[in-house]
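To keep things clear, I will list the structure first and then write my remarks on it.
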Amino acid sequence: MNVLLIGSGGREHAIAKKLIESPKLTKLYSIPGNPGISSISETIGTDLKIDSIVKLAKEKSVDLIFCGPEQPLVDGLSDLAEKSGIKTFGPSKMGAALEGSKIFSKQFMSKYDIPTSDYKYFYNYDEAVSYFKRRKTYPVVIKADGLAAGKGVKIAKNREEADEIIKSYFIDKSLGKSGESIVIEEFLTGEEMSAIYITDGTTFLPLIAAKDYKKVYDDDKGENTGGMGAYAPHLAYTDELKKIIEDNIISKIKIGLKKEGIDYRGALYVGLMLTDEGPKVIEFNCRFGDPETQVILPLMDSDLLNIANLAAGKKLSGTTIKWKNSFAGCVVIASEGYPGDYKKGVNIEFSGNPFDFIHAGTKQVSDKIVTNGGRVLNAVSIGSSKSSALLSCYKLLEKVKFDGCFYRKDIGT
Ligand code: AMP
Ligand code: GLY
């Protein structure tokens, strides 16, 4: 099979590494790639507009598009590729709206009785202001409705903070169109878990659940990020919890997708909070997690390409996934300033093979690799225990440095 992998992050480098293990693979193409992805695939373009992707996929006789990030799916990549007879691992535009619009996602959860936090939504500033004049209890979670690359969720500890946040979304347009409508949610407490499924819309195959560390600094301090590290399997992921999630959440999602006529073939990422009242959904994503993928795929003992192709072809029934009996860890090394503004083009010094790392925000400039994003590289390792896997990640991090680099020292604790 000819496969076209879309994306340029650590998630996509991890996916590329897994796809090239498949005996079914003839040729792996990538758009836009990064030095890690390009070292094991042929990068054929940089443009992530869906018509450019489909045009190149046709030119290269691609059998399957494997879409890493959410934006092309929210833009309708699967629907457009289907018109050209090309299968996509990634849901239709309607399915991707479960991530692309937090309001749609919350309405879907309420309609199908999927456990989640109470919420309200607002389409304009004045309504939001008058709501906060009346609201007495804090903290409260304020989310931009649209995609925001991990920057659209803020927690307000009091009325002043809430006012500032809604002003930045509605008046200062800090997130552009994405912040022109918002969801306000009750703050949930508990441990978070990333439960990701591969599905053809009918069969849902669970991947090993992972723990993502979302805050930028140690002890969960600072802003939310896309994720600063992860491990899998999540220690709370028992057979009992798996069954509760399947009965209370997944079975209802299945019903909802069918009733709404949503064509969902790809990955469904269910972000959970394990509360005292049971697991509640914090968010849906229409793709694999980053950095969760970096710890899930090294533990997979099955052919990812085969499974993705079966999902995209609505033939997942009867398939199972095998897992290694090990732990995997990932620590992200980031650019100073992330998740806010940061410099790009900073020279990265490796002592050893640069491709011992999973690449994210990196770029090849002649014979040098320089930074090209907030999350730059991932140190990934597997081990017989969580602590041995993470110890190896931290050892690997001693082999890289660049000006302003930083990473969390407490991943896995
Ligand atoms: P989301 O993009 O919706 O997953 O939110 C990003 C992060 O914000 C989550 O992983 C949580 O750490 C936090 N968060 C989101 N919603 C809530 C909530 N209702 N209560 C507590 N924390 C939340
Ligand atoms: N690590 C969180 C996400 O991929 O959304």
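We count ligands from 1, going down the list as the structure has it; atoms in each ligand are counted the same way.
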>> Among L48, D47, I37, L5, which residue satisfies the side chain to side chain contact (heavy atoms under 4.5 Å, CB included) criterion with I31?
In response: L48

>> Would E283 count as being in polar contact with ligand 2, using the rule that some N or O on each side must be under 3.5 angstrom apart?
In response: no

> So, does N158 use its side chain to make a donor-acceptor pair with the main chain of E160 at under 3.5 Å?
Replying inline: yes

> Heavy atom of R11 under 4.0 Å from ligand 2?
Replying inline: no

>> Given a heavy-atom cut-off of 4.0 Å, could you list the residues near ligand 1 in chain and number order?
In response: K102, S117, V141, K143, V153, E185, E186, F187, L188, E192, K214, N224, M273, I282, E283

>> Any carboxylate oxygen within less than 4.0 angstrom of a Lys/Arg side-chain nitrogen, looking at K167 and E164?
In response: no

> With distance as the sole test, does T88 use its side chain to make a donor-acceptor pair with the main-chain N or O of G90 at under 3.5 Å?
Replying inline: no

>> Do the side chains of E186 and K106 get close enough for a salt bridge, i.e. N-O under 4.0 angstrom?
In response: no

> If you count the atoms of ligand 2 from 1 in the order shown, which ones are under 4.0 Å from a heavy atom of K214?
Replying inline: 2 (C)

>> Closer than 4.0 Å to some heavy atom of E292 - which atoms of ligand 2 meet that?
In response: 1 (N), 2 (C), 4 (O)

>> If we set the cut-off at 4.0 Å for heavy atoms, which region of R287 has an atom near ligand 2: side chain, backbone, both, or neither?
In response: side chain

> So is there a nitrogen or oxygen of G226 less than 3.5 Å from a nitrogen or oxygen in ligand 2?
Replying inline: yes

>> Taking 4.0 angstrom as the limit and counting only heavy atoms of G289, give me the atoms of ligand 2 inside it, by number and element.
In response: 4 (O)

> Do NZ/NE/NH1/NH2 and the carboxylate oxygens of K18 and E21 come within less than 4.0 Å?
Replying inline: yes

>> Suppose I only count heavy atoms of N285 and a 4.0 Å limit; which atoms of ligand 2 are within that range?
In response: 5 (O)

> For ligand 2, which atoms have a heavy atom of Y269 less than 4.0 angstrom away?
Replying inline: 2 (C), 3 (C), 4 (O)

> When you check the gap from the basic side-chain N to the acidic O, do R265 and E82 get nearer than 4.0 Å?
Replying inline: yes

> Where does the angle between the aromatic ring planes of Y121 and Y119 fall among parallel (under 30°), tilted (30 to 60°) and perpendicular (over 60°)?
Replying inline: parallel

>> Going by side chain to side chain donor-acceptor pair (under 3.5 Å), name the residues that satisfy it together with S130, two or more places apart in sequence or in a different chain.
In response: none

> Should the ring pair F355 and H13 be called parallel, tilted or perpendicular, given that the plane angle runs from 0 to 90° and is split at 30 and 60?
Replying inline: perpendicular

